[in-house]
Amino acid sequence: MTSDPVFEVHRQVLFGAAYRMLGTRADAEDVLQEAWLRWNRADRDEVDEPRAYLFRLVTRLALDQLRRVKARREAYVGPWLPEPLLTSPGAEERAELAETLSMGMLVVLETLAPVERAVFVLREAFGFSHAEIAEMTGRTERAVRQLAYRARRHVDARRPRRDTTPGEHREVTERFLAAAIGGDLAALLSVLAPDVTFVADADGRSETPRQPVRGAREVAEYLVSVVPFWPPRLDAELTPVNGGPGAFITTGGRPFMVFSFDIDRNGRLREIDVVLNPDKLPAVQVQR
């Protein structure tokens, strides 16, 4: 992709929109590549607002891509999780941007229809008006208002709760990793919320639960049971994942898995998402 000054000014935010609509870096990059090609073929004299024009391109391309990948995701083996992004602390300045980037929120967005997801992202994360979104999606303003209302109700009913601050994340994450890697059942039970949920995304490439595991003892016993099957040398680095607490696990310098956590107000883990699918890990790297 050859550099274009106007496109590059907006590239990061366009990627953010495409990723929130699609859930994977690869799909978002494909959309940006096609948007760049179309932008370079456009008559710039006809473009009054480059940002709005580019968002319209990305939105319509993302909607097309969402419809194409739907069948692929329905055939996925076990739970499907978004491709993790390792984010720098403070990279997401607005609370709305940080929340809509979180792993938990992206999982909720997967349950929306494609156009509802696009409308929600454009409205809640990027603050576009209903009229602007109508232009981007090819709907009427009235239809967009109805879509936004339905999407918000759906999301609010399932919205991940965030009770803790980043400063509280490190200790509980370190305790969990030490207990999980060491196979310490008692230590795991002390760090897990009673209603904790564990979700593993491997697409059948490794022996992981095909359904979420729920409950502190069930999750702790599962984690202890798999310790003998982990590679002998694991290195863990605590790093924000999708704007929230997480960890990047490598073995021999190669990506092995990425953890993402949701922590309750008592400082215990209530959601553990882990991506082991090797197709989702090659581009993962810690942001310095």
Side-chain angles (χ1 to χ4, degrees), residues 10-25 27-32 34-35 38-39 47-74 80-83 85 87 91-163 242-244 260 262 271 273:
H10 301 290
R11 190 185 194 287
Q12 185 173 358
V13 71
L14 292 171
F15 173 83
Y19 174 77
R20 286 166 173 83
M21 293 180 198
L22 292 161
T24 74
R25 178 194 296 270
D27 287 330
E29 291 288 2
D30 286 347
V31 162
L32 256 64
E34 182 61 26
R38 297 191 185 194
W39 168 250
V47 178
D48 294 327
E49 296 289 341
R51 184 174 186 270
Y53 183 91
L54 289 168
F55 260 95
R56 182 168 69 250
L57 276 179
V58 165
T59 297
R60 296 190 179 187
L61 290 167
L63 285 171
D64 290 342
Q65 182 75 347
L66 267 177
R67 296 182 182 107
R68 284 194 293 270
V69 303
K70 184 177 180 182
R72 187 176 75 205
R73 293 183 185 176
E74 287 175 350
W80 184 94
L81 290 172
E83 185 177 338
L85 292 181
T87 49
E92 297 289 328
E93 296 179 359
R94 282 175 43 206
E96 298 91 339
L97 281 173
E99 183 181 25
T100 56
L101 184 67
S102 74
M103 189 71 75
M105 178 61 79
L106 290 173
V107 170
V108 173
L109 294 183
E110 279 291 310
T111 63
L112 295 175
V115 70
E116 288 178 337
R117 182 170 184 167
V119 168
F120 182 88
V121 168
L122 293 169
R123 180 70 178 161
E124 301 295 327
F126 297 96
F128 285 105
S129 69
H130 294 110
E132 290 171 320
I133 298 171
E135 171 65 20
M136 293 176 191
T137 58
R139 267 67 176 180
T140 65
E141 185 174 346
R142 179 180 179 183
V144 166
R145 288 183 182 276
Q146 292 172 338
L147 288 164
Y149 175 73
R150 285 205 307 267
R152 185 180 296 179
R153 283 189 62 190
H154 182 92
V155 170
D156 284 346
R158 299 162 178 80
R159 185 186 298 270
R161 299 160 296 172
R162 284 199 165 185
D163 302 321
N242 287 69
S260 175
D262 187 30
E271 178 83 24
D273 294 322

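All values derive from a computational prediction rather than experimental measurement.
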Query - salt bridge (charged side-chain N to carboxylate O under 4.0 Å, His left out) between R73 and D27, intermediate numbers included - result: CA-CA 13 Å; R73 293 183 185 176; D27 287 330; 3.5 Å; yes
Requested in this report: Determine, stepwise, if the pair L122 / M21 fulfils side chain to side chain contact (heavy atoms under 4.5 Å, CB included).
Outcome: CA-CA 9 Å; L122 293 169; M21 293 180 198; 3.8 Å; yes
Requested in this report: Kindly indicate, with the supporting measurements, whether the criterion side chain to side chain donor-acceptor pair (under 3.5 Å) is fulfilled by H130 and R145.
Outcome: CA-CA 6 Å; H130 294 110; R145 288 183 182 276; 3.2 Å; yes
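When side chains are defined from C-beta on, H154 does not count as touching F120, because their heavy atoms never get closer than 4.5 Å. No side-chain heavy atom of L63 sits less than 4.5 Å from a side-chain heavy atom of Q65. E110 is listed as a side-chain neighbour of R117, based on a closest heavy-atom distance under 4.5 Å. Y19 places a side-chain heavy atom less than 4.5 Å from the side chain of N242. In this structure the side chain of V115 never reaches within 4.5 angstrom of the side chain of L66, judged on heavy atoms.
R60 and E135 are not joined by a salt bridge, as no carboxylate oxygen comes within less than 4.0 angstrom of a charged side-chain nitrogen. Salt-bridge formation is not detected for the pair R150/D156: no Lys NZ or Arg NE/NH1/NH2 atom is positioned less than 4.0 Å from an Asp or Glu carboxylate oxygen.
Aromatic ring pairs are classed by plane angle as parallel below 30°, tilted from 30° to 60° and perpendicular above 60°; the pair F128 and F126 is tilted.
With rounding to the nearest 0.5 angstrom, the CG atom of L32 is 12.0 Å from the NE2 atom of H10. A distance of 12.5 Å separates CD in E124 from CZ in R20, rounded to the nearest 0.5 Å. Going from atom CZ of R38 over to atom CG of L54 covers 12.5 Å, rounded to the nearest 0.5 Å. Note that the CG atom of L61 and the CG atom of L14 stand 11.0 Å from one another [nearest 0.5 Å]. Atom CE of residue M103 and atom CD of residue E83 lie 9.5 Å apart, to the nearest 0.5 angstrom. For the atom pair L147 CG and I133 CD1, the distance stands at 9.5 Å (nearest 0.5 Å).
Of all non-hydrogen atoms in A131 and E141, the two that sit nearest each other are CB-OE1, 3.7 Å. Heavy-atom minimum distance, V31 versus V58: CG1-O, 3.8 Å. Nearest heavy-atom pair across E271 and D273 is OE2-OD1, 2.8 Å. Shortest non-hydrogen contact noted between P82 and L106 is CG-CB, 3.5 Å. Closest approach of W39 to L57, counting heavy atoms only: N-CD1, 4.1 Å. Nearest heavy-atom pair across L81 and V107 is CD2-CG2, 3.8 Å.
For the pair T111 (side chain) and V108 (backbone), a donor-acceptor distance under 3.5 Å is present.
Shown here are the salt bridge (charged side-chain N to carboxylate O under 4.0 Å, His left out) partners of E132, two or more places apart in sequence or in another chain: there are none.
Counted within 6.0 Å of CZ on R142, heavy atoms from surrounding residues, nucleotides or ligands total 12 or fewer; the atom is thus considered open.
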